[in-house]
Amino acid sequence: MSKKLVTSALPYANGALHLGHLAGAYLPADIYVRYLRLRGEDVVWVCGSDEHGAAITIRAKKEGITPQDIIEKYHALNKNTFEQFGISFDMYHRTSAEIHHETAREFFTKLYERGDQFIEKTNEQYYDAEYNQFLADRFIKGICPTCGYEEAYGDQCENCGSTLSPEELIEPVSTLSGNKPEKKETTHWYFDLKKHEKWLKEWIENGTLDGEPHHDPKAWKNHVVGQCKSWLDAEEGLLPRAITRDLDWGIKVPLPQADGKVLYVWFDAPIGYISATKAWAEQNGKNWEDYWKGDDAELIHFIGKDNIVFHCIIFPAMLKAYGDFKLPTNVPANQFLNFEGDKFSKSRGWGIEQHEYLEEFKDFPNKEDALRYALTRNMPENRDADFKWDEFVEFHDKELVGNLGNYLNRILVLTHKYFDGKVPASDVDLTEKYADILHLTASLAKRIELFDFKQAVNRLMEISSWGNTYLQDVSPWKIYKENPDSEEIAECMYVSLQVVTLLSALCAPFIPFTSEKIRNLLNLPALQNGDLNDILENLGAGKPLIDAGHSVNKPELLFAQINDRKDDSRKQIIERQKEKLVAILAQKAAEEAAKFKPVKPEISFEDFTKLDIRTGKITAAEPIKKADKLLKLTVDLGGQTRTVVSGIALQFKPEEVVGQQVAVLLNLAPRKMRGVLSEGMILMAENKEGKLSFVQSDEGFGEGLEVR
RNA sequence: GGCGCGGUAGCUCAGCUGGUUAGAGCGCAGGAUUCAUAAUCCUGAGGUCGGCGGUUCGGGUCCGCCUCGCGCUACCA
């Protein structure tokens with residue numbers, strides 16, 4: 001039997017996870033793994049906390065605590081929350097563990113010793129002399145060259161969103177000492193991805209590895225293969241990627257000349273899958289290598305779409321460079337889940353985190369499965385999806401309550417009513433009765449195997465729906481009025497109890513808590529690994545899944561309706577969530593209205609007079625090739641005309657701006673853009689929506705006049 | 001501009017390697033039923049499958065062009 005190793009993206013131990021994470025990489029993997037276990041497969045599912053990286057140290061410094069405090073907090077929170085949702089990892093490890101440090105160092109050393117995998121580069125980087133430390137991008141703050149924001153980081157300005165490098169910051173400051181950092185030479189190692197480009201292309205596009213078939217590329221999701229191709233087909237190809245950083249939090253680079261350097265977190269994180277497997281194997285008396293290197297080993301990564309390139313290109317390249325490791329047979333990445341029409345955003349409070357949900361819904365019966373179901377039903381498998389509370393309610397009340405829960409309840413009530421809670425005997429031909437549900441069951445299984453969980457869970461409801469329809473068609477309550485001893489009643493209940501038993505097992509991967517409840521109500525033993533095989537076999541052979549004479553327990557409701565006339569407590573929980581969103585929107589609107597951008601640092605009058613701004617008129621305009629946003633403008637300045645390139649093409653068509661009065665900054669250093677030399681800058685005002693408006697003098701006032 | 005993903009009923013989405021009258025759930029209209037958590041079941045209305053062209057006996061499904069949405073990327077002095 002093949003050995004399957006399943007991984008889910010390691011959550012960064014710097015914060016809690018929201019519903020989008022759950023729907024992206026953990027819930028689908030849980031469904032898949034639970035299913036495989038029920039089929040008796042040899043499967044191991046590993047995950048864990050990703051606990052390195054500069055973001056954690058920065059946050060620690062800001063909050064006056066240690067990085068260790070942070071990772072302890074979030075490792076515990078995330079691990080615990082996953083457990084509560086029934087996310088059934090075989091191992092939830094952490095990258096701060098010694099076994100991981102060893103594994104990652106060993107991995108690095110092996111590639112280093114191969115000699116041809118890494119490129120060593122020395123360049124100048126900012127250094128904080130007081131702290132005796134090189135500064136990672138995020139340790140440097142300064143003024144954003146684009147928007148003038150004073151708190152921009154060395155990698156990104158959080159005000160305008162532009163991507164920066166530390167060198168671009170104006171007046172850079174170390175966040176450690178607050179001093180101006182100095183430049184100093186430092187050496188780093190880069191992974192030479194270019195060497196792997198050729199076989200990666202083969203592997204991704206054709207599914208062949210070393211000339212042998214490896215996997216069916218058509219079985220991979222379109223967007224996964226597409227994004228990989230987009231990288232592999234890029235003009236410049238795959239660029240070398242830095243594997244080391246100057247930082248004191250992480251895995252020390254195992255080289256004598258690399259004091260004060262750690263492995264870049266992206267390099268050590270995926271190796272976490274390996275060390276987690278080692279830890280699991282140690283605890284369970286297994287050999288981890290069977291799952292990573294064995295001939296019959298299969299590797300499957302569950303991730304969100306932001307991680308595709310790492311798991312389909314970079315990590316496979318690392319594994320191949322190391323040698324012996326099997327590469328993933330599939331990477332069923334999900335897209336993103338939005339929340340009520342917008343992206344999840346912690347800072348804006350938009351969305352709900354997993355542990356928050358558990359807290360807010362603590363009085364909501366079967367809250368774990370209610371959410372698991374809603375997220376599965378609307379999983380972002382092939383495109384972005386949107387989580388809405390109204391949909392949550394609809395799925396819950398219509399499908400879990402009305403279809404599944406109600407069906408079980410009907411069957412249990414009738415079994416007690418007519419047969420004293422015992423499964424009646426019947427000589428009905430089950431093969432014939434099973435025809436439809438056998439087909440649906442096979443389809444459900446197939447869909448899970450294809451990572452199509454949304455369709456799979458639909459099949460589950462279709463089976464329940466088949467049961468409801470069948471019951472309605474026979475209507476034993478009608479027959480009972482005429483002839484209480486009719487064979488037909490026994491037959492109908494006998495068949496229905498088979499269906500309910502089938503549902504108790506088939507629902508387990510999706511809604512495990514409910515599965516357990518149904519098993520209890522049916523007075524059946526808890527499901528064991530491999531049980532689904534027996535069930536499928538009996539189903540195919542027309543044999544009963546629950547025997548005549550077996551006693552079932554008294555009915556109990558599986559799910560309590562949210563829109564309940566007699567009890568609005570659950571509806572109130574939902575309403576509270578919706579109200580929170582309304583409040584956030586209102587607050588946001590208020591803030592926007594009151595916002596006044598901070599004034600830039602004071603300048604002297606002399607500074608101002610350096611600017612030479614004059615009135616002008618656009619006399620010609622044309623688009624620039626291969627540039628979406630740029631227009632080439634010819635501006636009449638009275639005694640002179642100039643060519644100015646302006647980034648306004650998204651909002652203005654060339655013909656619209658001809659004749660436009662403008663103000664032009666004339667003494668700005670000329671600059672070539674997309675092959676056109678720009679000799680000035682058109683002044684524009686920009687509103688909150690990003691809409692542009694020309695700054696201009698009155699029509700006919702004149703060209704070339706100075707603006708002061 | 002380049003690359004990728006997507007555009008199917010009012011809404012959310014299925015439609016495998018091209019093949020008979022294009023499907024489901026919700027919503028809507030009508031009806032049946034009472035075992036059941038105002039649950040269930042049946043019937044119906046509703047789609048020029050983003051647009052144009054091509055390959056084919058036949059295209060939602062393949063190819064080309066266009067268009068719209070999203071993502072990455074270049075450009076924004």
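The sequence lines fix the lettering, A, B, ..., with proteins before strands; numbering per chain opens at 1. All values reported here derive from a predicted model rather than from experimental measurement. As a basis for the values below, the full set of heavy atoms in this structure was taken, side chains included, without hydrogen atoms, waters or symmetry mates.
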Whole-Å distance between B:U73 C1' and A:Lys229 NZ? 18 Å

Donor + acceptor pair across side chains of A:Asn458, A:Arg447 (<3.5 Å): no

Using a heavy-atom cut-off of under 4.0 Å over every strand shown, decide if A:Glu462 touches base, sugar-phosphate, or nothing. nothing

Before giving the answer on ring pair (Phe, Tyr, Trp, His ring centres under 6.0 Å), spell out for A:Phe302 and A:Tyr32 the whole-Å C-alpha distance, their side-chain angles and the decisive distance to 0.1 Å. CA-CA 10 Å; A:Phe302 282 87; A:Tyr32 187 67; 5.7 Å; yes

Nearest-Å distance once atom C1' is located in both B:A29 and B:U56: 42 Å

Taking only side-chain nitrogens and oxygens of A:Lys398, does any of them come within less than 4.0 Å of OP1 or OP2 of B:G27? yes

Take atom CD of A:Glu487 as the centre, draw a 6.0 Å sphere, and report whether it contains more than 12 heavy atoms from other residues, nucleotides or ligands. no

Give one of base, sugar-phosphate or nothing for A:Val225, where a contact means two heavy atoms less than 4.0 Å apart. nothing

Between CG of A:Asp384 and C1' of B:G6 the distance, given in whole Å, is 10 Å

Can you identify which nucleotide, out of B:C3, B:C41, B:C26, has its nearest atom closest to the A:Ser230 side chain? B:C3

On a whole-Å scale, what distance lies between the C1' atoms belonging to B:A39 and B:G6? 37 Å

Check the side chains of A:Asn553 and A:Asn520 for a donor-acceptor pair under 3.5 angstrom, ignoring hydrogens and angles. no

Going by an N to O cut-off under 4.0 Å, is there a salt bridge joining A:Asp386 and A:Lys388? yes

Of all the heavy-atom pairs spanning A:Val474 and A:Ile479, show the shortest one and how long it is. O-CD1, 3.6 Å

With a 3.5 Å distance limit and no angle check, can you tell me whether A:Arg570 reaches the backbone of A:Ala560 through a side-chain donor-acceptor pair? yes

Using whole Å, report how far NZ of A:Lys672 lies from P of B:C76. 14 Å

Expressed as a whole number of Å, how far does the P atom of B:G7 sit from that of B:G15? 10 Å

Pairing annotation in dot-bracket form, given for RNA chain B with Watson-Crick or G-U pairs under 3.5 Å and | for cross-strand partners: (((((((..((((.....[...)))).(((((.......))))).....(((((..]....))))))))))))....

Round to the nearest Å and state the distance from A:Trp231 atom CH2 to B:C5 atom P. 17 Å

P atom, B:U17 versus B:C68: distance in rounded Å? 29 Å

From the candidates B:C5, B:C75, B:C13, the one with an atom nearest any side-chain atom of A:Arg674 is B:C75

Spell out protein contact along nucleotides 30-37 of chain B as letters: B when the base is contacted, S when just the sugar-phosphate is, - when no protein heavy atom is under 4.0 Å; keep the 5' to 3' order. ---SSBBB

Compute whether any side-chain donor of one residue and acceptor of the other, for A:Asn382 and A:Gln335, lie under 3.5 angstrom apart. no

Touch class at under 4.0 angstrom, heavy-atom based, for A:Lys305 against every strand present: nothing

Do the two ring centres, one from A:Phe364 and one from A:His396, sit under 6.0 Å apart? yes

Considering just the side-chain nitrogens and oxygens of A:Asn222, establish if one lies under 4.0 Å of OP1 or OP2 belonging to B:G6. yes

For atom P, what is the distance between B:U20 and B:G2, given to the nearest Å? 37 Å

Atom OH of A:Tyr373 and atom P of B:G25 are separated, to the nearest Å, by 12 Å

Taking only the side-chain nitrogens and oxygens of A:Lys632, find out if one of them lies under 4.0 Å from OP1 or OP2 of B:C75. no

Taking 4.0 Å as the cut-off, does a side-chain nitrogen or oxygen of A:Ser646 come that near to OP1 or OP2 on B:C75? no

Mind calculating the distance between CD (A:Gln455) and C1' (B:G25) to the nearest angstrom? 11 Å

Heavy atoms only, 4.0 Å cut-off, all strands: where does A:Lys388 land among base, sugar-phosphate and nothing? nothing

Taking the C1' atom in each of B:C35 and B:C26, what is the distance between them to the nearest angstrom? 26 Å

Whole-Å distance, A:Arg377 CZ to B:C11 C1', equals 12 Å

Test ring pair (Phe, Tyr, Trp, His ring centres under 6.0 Å) on A:Trp389 and A:Phe392 and set out the steps. CA-CA 5 Å; A:Trp389 287 118; A:Phe392 173 91; 5.5 Å; yes

Write down the distance between CD1 (A:Ile313) and C1' (B:C3), rounded to a whole number of angstrom. 13 Å

The nucleotide from B:C5, B:G25, B:C41 with an atom nearest the side chain of A:Thr469 is B:C41

Could you tell me how far B:C70 sits from B:U12 if I compare only their P atoms? Round to whole Å. 15 Å

Does A:Asn334 use its side chain to pair, donor to acceptor, with the backbone of A:Lys305 at less than 3.5 Å? no

